[in-house]
Amino acid sequence: MNPSPVKTRFAPSPTGYLHIGGARTALFAWAYARRHGGKFVLRIEDTDIERSTPEAVQAILDGMQWLGLAHDEGPFYQMQRMYRYKEVIGQMLAAGTAYHCYMSKEQLDALRAAQEAKKEKPRYDGTWRPEPGKTLPTPPSGVQPVVRFRNPTDGVVAWDDQVKGRIEIANAELDDFIIARADGTPTYNFCVVVDDWDMGITHVIRGDDHVNNTPRQINLLQALGAPVPRYGHLSMILGDDGTKLSKRHGAVSVMQYDADGYLPEAVLNYLARLGWSHGDDEIFTMAQFVEWFDLDHITSSAAQFNTEKLNWLNAHYIKLADDARLGQEIRRRLVREGVTETAAPDPAEIAALYKDRVQNLNELADSAHAFYVAPHPSDDLVAQHLTDAAKAALADLRRRLAEADFSPAALAQTLKATLAATGLKMPQVAIPLRVVLLGQPQSPAIDRVLAALGRARVLDRLDRLL
RNA sequence: GUCCCUAUCGUCUAGAGGCCUAGGACAACACCCUUUCACGGUGUGAACCGGGGUUCGAAUCCCCGUGGGGACGCCA
């Protein structure tokens with residue numbers, strides 16, 4: 001009476017980067033295992049040698065790492081398990097649950113075309129399926145056969161889908177699908193079954209597009225005498241425009257979100273909330289997510305990705321983030337742009353100045369840029385803001401700043417002194433000053449900006465434009 | 001064509017027959033805060049796909065439409 005411990009898996013095929021839909025599937029499978037104190041397996045389904053690449057494997061590993069979805073077992077590679085698949089195929093052939101089929105691709109294509117012309121569902125017609133009392137055709141010489149699974153012909157396959165509820169499919173809808181190609185290599189549905197069995201997977205949490213594979217896999221499992229795991233099918237994620245996610249939507253790779261300045265915790269929180277809910281909770285930590293996660297509160301219909309909401313979450317997590325960490329992110333991005341002199345001011349200090357005002361790390365770095373590289377305000381800006389009155393005020397301020405104490409509090413007093421001397425209002429001085437100092441009319445509180453910049457930079461920039 | 005899934009504000013969703021004059025969040029709009037721009041705060045507008053049942057009572061259960069999605073490979 002050993003209750004079988006929960007074991008889930010994420011099984012991507014390495015034919016591209018880890019996209020946002022795959023990331024959510026991984027997140028849910030991971031969370032389910034964590035929630036139940038079980039294991040999370042990473043399996044790379046690389047049997048499509050034409051399209052699988054080592055770069056894609058690396059991209060998936062990188063994406064998982066960035067998100068912090070650590071696996072307990074694996075990564076397993078299907079290409080390294082060929083011996084095992086061939087062994088099981090041999091056993092099935094011997095047991096009569098699978099058989100050789102000599103129908104050529106051309107014949108199959110013709111069969112399908114004829115069925116489609118008659119408006120029928122295209123399916124294999126069972127020519128080479130052995131039956132008691134049936135005489136099989138003579139195998140043509142020189143043709144390498146494929147191996148087909150002998151699928152039951154009557155009854156239904158049913159399972160209680162953990163997210164969609166009970167699903168039943170008539171066996172009459174299924175045909176004898178190929179489990180090994182003419183060259184002997186096993187196919188997808190077969191490898192999945194052997195792997196899920198061998199790896200002791202108890203809960204298969206995967207995309208909606210696999211619903212149709214499930215009855216075939218259950219039949220196979222049963223033919224093998226293997227336990228049938230529980231299945232839960234997650235509906236797909238649509239793009240921002242409501243259409244299917246594709247490369248044309250831009251930032252579909254998880255790592256693209258890193259490049260675009262998103263924090264992993266924001267992406268994770270967003271993804272968790274996309275298709276799953278816990279009452280009215282919108283913002284939660286991964287620890288809370290793991291504690292709350294269940295399959296009962298997953299939405300069964302497709303969800304549209306909403307960048308606006310992700311942006312909001314990202315802004316929220318940036319406000320929460322540690323200044324030193326944000327400083328690192330600023331430095332990393334500035335260096336990428338060729339700004340190497342980031343020793344002073346301390347990027348963490350600039351982060352503190354701007355973290356409440358930006359939606360992503362790239363905006364943060366863009367804001368910080370002018371603190372390290374003197375800006376070149378456009379002629380328009382200069383003409384608009386650096387009026388004669390403003391210049392006179394800035395000249396007055398410059399004289400005072402040359403001697404002033406550079407603490408924010410003292411700077412505020414200095415600014416006020418200039419206002420008193422010139423009779424101008426704060427914005428009339430502060431805005432031109434921002435243009436001179438940072439190249440744009442908006443910024444955080446001007447006294448804090450002055451303090452962060454430091455006397456040398458401030459005076460230098462004033463001198464350039466006065 | 002056949003089979004399967006699906007349907008609440010623009011979007012993500014709450015909702016397990018009465019708690020629903022349908023709640024929250026993003027976005028939008030308005031106001032407040034303010035040394036600019038943001039942030040933040042407060043508030044407003046905004047939805048149960050259609051038609052039949054079942055029931056004293058349906059957003060919730062059933063059926064039929066319709067819309068959307070998926071599958072039907074010697075791809076995964």
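To find a chain, count down the sequence lines: A is the first, B the second, and so on, and within it residues start at 1.
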Using the side-chain contact (heavy atoms from CB on, under 4.5 Å) criterion, which residues pair with A:A113? Sequence neighbours excluded. none
Looking at residues at least two apart in the chain, or sitting in another chain, which of them share a side-chain contact (heavy atoms from CB on, under 4.5 Å) with A:M82? A:T47, A:M79, A:Y85, A:P186
Residues within residues 49-60 of chain A bordering RNA chain B, heavy-atom distance below 4.0 Å: A:R51
Please give me every residue in residues 406-424 of chain A whose heavy atoms get under 4.0 Å of an atom in RNA chain B, ordered by residue number. none
Checking A:W197 now: which residues fulfil side chain to side chain donor-acceptor pair (under 3.5 Å) with it, not counting sequence neighbours? none
Could you work out, with side chain to side chain donor-acceptor pair (under 3.5 Å) as the rule, every residue matching A:T214, not counting sequence neighbours? A:R206, A:H233
Table of protein N/O atoms under 3.5 Å from nucleotides 71-73 of chain B N/O atoms:
residue, atom, partner, partner atom, Å
B:A71, O4', A:N212, ND2, 3.1
B:C72, O2', A:P122, O, 2.9
B:G73, OP2, A:R112, NH1, 3.2

Please write out the pairs of protein N or O atoms and N or O atoms of nucleotides 39-44 of chain B separated by less than 3.5 Å, giving the distance to one decimal.
residue, atom, partner, partner atom, Å
B:C39, O4', A:D356, O, 3.2
B:C39, O3', A:K319, NZ, 3.4

Got a donor-acceptor pair under 3.5 Å from the side chain of A:D208 to the base of B:G70? no
Atom [atom1] of [X] and atom [atom2] of [N]: how far apart are they, to the nearest Å?
| X | N | atom1 | atom2 | value |
| --- | --- | --- | --- | --- |
| A:Y77 | B:A76 | OH | C1' | 17 Å |
| A:E308 | B:C26 | CD | C1' | 8 Å |
| A:R448 | B:A38 | CZ | C1' | 13 Å |

Sequence neighbours excluded, every pair satisfying salt bridge (Lys or Arg N to Asp or Glu O under 4.0 Å) that has a member inside residues 261-273 of chain A: A:E265-A:R325, A:R273-A:E282
Return a single string for nucleotides 6-12 of chain B, one symbol per nucleotide in 5' to 3' order, where B is base contact, S is sugar-phosphate-only contact and - is none, cutoff 4.0 angstrom on heavy atoms. SS---SB
Please output the side-chain donor-acceptor pairs of residues 445-453 of chain A that fall under 3.5 Å, not counting sequence neighbours, one pair per line with the distance.
none

Interface polar pairs with nucleotides 64-67 of chain B, N/O, under 3.5 angstrom:
none

